[in-house]
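Have a look at the structure below, then the notes.
Heads up: numbering here begins at 1 and tracks the sequence.
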Amino acid sequence: MIIYLFLSGILIAAFFMVSAKRIGALINGFSLQAVFLFMITVYAAAREKSPELYVIAGLLFLIKVLLIPGFLRRIVKRIKVDEDLGLFLNPSVSLFIAAILVYLAYLFAGRFISIANNTENSAFIVSVSIVLIGIFIMVFRMKALAQIIGILVMENGLFLLAATISGGMPFFVEIAIFFDIFLCVIILEIFVYKINRLFTHIDVDKLTQLRG
């Protein structure tokens, strides 16, 4: 079934981000994941014949596939940051931990959540996995930009959960969330730029050494 291909693509993109060593690759992984989310939304819109879902899909493509990655790449060029992510854990260990997180999501879905539909069950597992992997990226990557992407990956997981399990959030709530995310990225861009100007780096491990 085509929905399983899209779900697999979302999960593979997450593993790609976990194994990325450079900021550019991490941004590309997020953009790829957003493309698969867009495909799932278009598929759901076609199946349910919902004009609202088509609008949501269009906004998702515009904001998450085009605008947000574009803004993030502009940050990288503007502050001339080192492309190296600064890994606390090497890619092999990171991939192993990501696989464990997916397995934990599978156990959680099997033991605590009762979903009769196999497609919804798979979507729930992938959603929880993406949220956990987003948290992992935030915690185990040194660059502030990587933590921004970690937040966005978590939101991707929550969006997938809402779109496939709960039948989708109300239309205007979805639009409000999209614009909130977009504004958040713009604010974070300014924040990261200011940090880089003041401290000449955006390594969060070094920022913990600051004292008031």
Can you classify the ring geometry of Phe108 versus Phe124 as parallel (below 30°), tilted (30 to 60°) or perpendicular (above 60°)? parallel
Hey, quick one: are Val18 and Phe16 part of the same hydrophobic cluster, counting side-chain heavy atoms closer than 4.5 Å, chains of contacts allowed? no
Please check if atom CZ in Phe15 has more than 12 non-hydrogen atoms from other residues, nucleotides or ligands closer than 6.0 Å. yes
From Leu89 CG over to Ile97 CD1, what is the distance, rounded to the nearest 0.5 angstrom? 5.0 Å
Is it the case that Lys49 places NZ or CZ above or below the six-membered ring of Tyr54, under 6.0 angstrom from the centre and within 45 degrees of the axis? no
Distance from Ile68 atom CD1 to Glu155 atom CD, nearest 0.5 Å? 8.0 Å
Do Val139 and Ile130 sit in the same hydrophobic cluster, where Ile, Leu, Val, Met, Phe, Trp and Tyr count as joined when their side-chain heavy atoms come under 4.5 Å apart? yes
On a heavy-atom basis, the closest approach of Leu160 and Ala123 is CD2-O, 4.1 Å
Taking atom types as modelled, find out whether Arg22 and Asn28 have a side-chain donor-acceptor pair closer than 3.5 angstrom. no
Leu32 and Ile10, any side-chain heavy atoms less than 4.5 Å apart: no
Given the rule that I, L, V, M, F, W and Y join up when any side-chain heavy atoms are under 4.5 Å apart, are Val102 and Leu5 in one cluster? no
How many angstroms lie between CD1 in Ile125 and CD in Glu120, if you round to the nearest 0.5 Å? 12.5 Å
Nearest heavy-atom contact between Ser129 and Leu101 is OG-O, 4.4 Å
May I have the step-by-step check of side chain to side chain contact (heavy atoms under 4.5 Å, CB included) for Phe140 and Ser94, ending in yes or no? CA-CA 9 Å; Phe140 292 101; Ser94 296; 5.9 Å; no
Atom CG of Leu66 and atom CZ of Phe38: how far apart are they, to the nearest 0.5 Å? 9.5 Å
Spacing of Leu152 atom CG and Phe30 atom CZ [to the nearest 0.5 Å]: 4.5 Å
Distance from Ile56 atom CD1 to Leu37 atom CG, nearest 0.5 Å? 12.5 Å
So which heavy atom on Lys64 is nearest to which on Asn156, and how close? NZ-OD1, 2.6 Å
Do the non-hydrogen side-chain atoms of Met138 and Ile149 ever get within less than 4.5 Å of each other? no
If you define the side chain from C-beta out and look only at heavy atoms, does anything of Phe36 sit under 4.5 Å from Leu7? no
Between the side chain of Ser31 and the main-chain N/O of Ile27, is any donor-acceptor distance below 3.5 Å? no
State, to 0.1 Å, how close Val131 and Met154 come at their nearest heavy-atom pair, and which atoms those are. O-CG, 3.5 Å
Heavy-atom closest contact (Ala57 atom, Val42 atom, distance): CB-CG2, 3.7 Å
Which heavy atom of Ala13 sits nearest to which heavy atom of Gly29, and what is that distance? CB-O, 3.8 Å
Ile12-Ile2 co-clustered via ILVMFWY side chain contacts under 4.5 Å: no
With side chains defined as the heavy atoms from C-beta onward, is the minimum distance between Met17 and Val153 less than 4.5 Å? yes
